[in-house]
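Shown below is the structure under consideration.
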Amino acid sequence: MTMLRILSTLLRGTHRTSSRSFSSSRPPISTAFASSLSGKPKISYQNDSGGHTRSLHVLDPRIWMIFAGQAAILGFCGNLALAEDESVKSKPGGNMEESGDSGLERVEDGSVVSNIHTSKWRVFTDSGRDHFFQGKLEPAERLFRSAIQEAKEGFGEKDPHVASACNNLAELYRVKKEFAKAEPLYLEAVSILEESYGPEDVRVGATLHNLGQLYLVQRKLEEARSCYEMKRRVLGQGHPDYAETMYHLGTVLNLQGKETDAEALILDSLKILEECGQGESVTYIKRLRYLSQVYLRSNRLAETENIQRKILHMMELSKGWNSMEAVTSAEALALTLRLSGQLREALELFEKCLSAQKNLLPEGHIQIGGSLLHIAKTFMLQASQLRRSDNSEALSKQEKAKNYLENSARIAKDVLHKLKNQKSKEQKHGKPNVTLRNYEHAALVILLQSLESLAVLEMSKNEIEELPKREHLHAAEDSLVQCVSAYKEFGCGTQFQDSPEVKSEYLSCLKHLSALLANKETMHNSRESHISLPEVKEEVKRTEVDLRSSHKKG
């Protein structure tokens, strides 16, 4: 049965890949090249804050690694599985060559076929790729469509040039998230390549990789797994791309809950890179980070800590401490240390990170706000440990936490206001606002968490002080009301309304407010509330329903 028939059967729901164990034995490979997932056109965001103007890449791992991996802490990056390697794309040879950091393909084979159609095909393909990498997707789509037509007329309906053109258009649709249009194009490319070269050819494996990525982003895990397993069989253990295939198959298995099998595959992938002298490469470090996330999600904190210490050591040696690579690695380690209760070392690392960030980033950058939030939460945990042994020191820690939380909330709110104004200007000129989404999403989650943490801090003061004061409860209520208002202003009615991370933070805030108002009624507090308890309870119910719906969609 050909690869395409296997896939077709799988998609009809009649084929099921059998469960199997994966050996952690190391394949005898002397060289390895890891291919990347196809990259989106890179877009920069110009941030102007505090007199500084810098071009910040919204998806730059140096800027955003703080928000990845340890997402449960801040809650705004739940996409553990789609770990992207920005590594060298394999070049299988023959008449199809993968190029750049995307899955786009071009033909450079000196083909003897030459006519008006083949000439147009080459022009359309090259122009389409240029437009694609410039982020001009609409003209790129038209050019890729034309390339398919010219390839069919110039080379023939079942020629590999047609497969290459189909793959390029499919990659564009995948970037645009038009998955229903991408899938049949990938399948057509697989069919043509199988017919031309046979089902065991590496060019078939390359297209199966792209198809697997399509299924993975849609969370069609069984289909993605089938693609990667077939690609692995096509390549064989002696192929240099084998390690990369094991890694991606491991990510799918991890999402399916097969953590032991996933771990074995990822570890083998890392061993191969080490044997090939790539033990300090960007690809190796990214896969290490992903493995640490797998361990973290399983609550294997000791293993997570060991990997993160190794990564930090590598970053310090290669980049130096005053680099974003070292800072983000240190912050990830600090979060794990805090989870395991090693608060003193965690605090030292957080403060060192904050100091470096103030030198590396513009004043008022949201990542600084995130670091302030991390430090504040660490102080709050220390205060909680001290409350029974040293109330005075516990209150001192709480005051420090309050100062950090107020600054974190201020930075996040300033960022959100600036981005809101910037989006309004861009919408008037018809410009897309895609470049702002991650930055804005992070700012909103940090704002909600900072305000909620302020409320929790004020309420905990009453548990420490010998004479509880009502002003603490009033301050807590004010912070929670601000949290609700922030969601209404920056989340409700925006692209973040259905974000599970934002919704979860909002729900947590509502539940704290509901408990506070119920306690207030019991105490017969005379201060009039900004919002009634029945209103809050009703909003809690609505938000819980919405959140369940969001999780089902995800």
Minimum heavy-atom distance W321-A326, with the two atoms named: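 Minimum heavy-atom contact is O-CB, 3.6 Å.
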R287 and its side chain to side chain contact (heavy atoms under 4.5 Å, CB included) partner, picked from L267, V282, L273: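 Of the listed residues L267, V282, L273, the side chain to side chain contact (heavy atoms under 4.5 Å, CB included) partner of R287 is L273.
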Residues in side chain to side chain contact (heavy atoms under 4.5 Å, CB included) contact with Q256, at least two apart in sequence or another chain: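 Counting only residues at least two positions away or on another chain, Q256 forms a side chain to side chain contact (heavy atoms under 4.5 Å, CB included) with L221, E222, R225, V252, L253, K258.
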Audit row: E489, K413, salt bridge (charged side-chain N to carboxylate O under 4.0 Å, His left out) steps and yes/no: CA-CA 11 Å; E489 181 178 0; K413 191 175 293 184; over 6 Å; no
With K352 via side chain to side chain donor-acceptor pair (under 3.5 Å) - residues at least two apart: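 Partners of K352 by the side chain to side chain donor-acceptor pair (under 3.5 Å) criterion come out as none, since no residue qualifies.
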E331/Q357 under side chain to side chain donor-acceptor pair (under 3.5 Å): CA gap, chis, key distance, verdict: CA-CA 11 Å; E331 195 148 29; Q357 286 166 347; 3.3 Å; yes
Stepwise side chain to side chain donor-acceptor pair (under 3.5 Å) check, S450 with R410: CA-CA 9 Å; S450 296; R410 174 185 54 78; over 6 Å; no
H417 and F490 aromatic ring geometry - parallel, tilted or perpendicular at 30°/60° bounds: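 Answer is perpendicular, since the angle exceeds 60°.
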K402 vs E399, salt bridge (charged side-chain N to carboxylate O under 4.0 Å, His left out): CA-CA, chis, key distance, verdict: CA-CA 5 Å; K402 181 178 180 179; E399 283 304 311; 5.2 Å; no
Pair H248 + Y290: ring centers closer than 6.0 Å: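 Not under 6.0 Å, so no.
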Closest approach of A412 to I366 (non-hydrogen atoms, all atoms of both residues):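 Looking at all heavy atoms of both residues, the shortest contact is CA-CD1, 3.8 Å.
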Working for salt bridge (charged side-chain N to carboxylate O under 4.0 Å, His left out), residues R300 and E263: CA-CA 12 Å; R300 295 165 65 177; E263 180 185 355; 3.1 Å; yes
Y173 vs E183, side chain to side chain donor-acceptor pair (under 3.5 Å): CA-CA, chis, key distance, verdict: CA-CA 9 Å; Y173 284 140; E183 183 180 352; over 6 Å; no
Check: S396 side chain, S392 main-chain N or O, donor-acceptor pair, under 3.5 Å: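 Here the side-chain-to-backbone pair does not exist.
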Test applied, side chain to side chain donor-acceptor pair (under 3.5 Å); reference residue, T336; option that passes from Q342, Q308, E305: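 Option passing the side chain to side chain donor-acceptor pair (under 3.5 Å) with T336: Q308.
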Smallest separation among heavy atoms of C509 and E452, with atom names: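 Result for this residue pair: N-OE2, 3.9 Å.
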Aromatic plane relationship, H374 with F350 - under 30° parallel, 30 to 60° tilted, over 60° perpendicular: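 Rings of F350 and H374: parallel, as their planes differ by under 30°.
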Within-4.5 Å side-chain heavy-atom neighbours: E363 and K358: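 No - every pair of side-chain heavy atoms lies 4.5 Å or more apart.
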E280 atom CD, neighbour heavy-atom count above 12 within 6.0 Å: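 For E280, atom CD is not crowded (no more than 12 foreign heavy atoms under 6.0 Å).
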NZ/K176: more than 12 non-hydrogen atoms of other groups inside 6.0 Å: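 Enclosed.
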Passing candidate, side chain to side chain contact (heavy atoms under 4.5 Å, CB included) with I375, options E351, M380, K400: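 It is E351, the one option of E351, M380, K400 that forms the side chain to side chain contact (heavy atoms under 4.5 Å, CB included) with I375.
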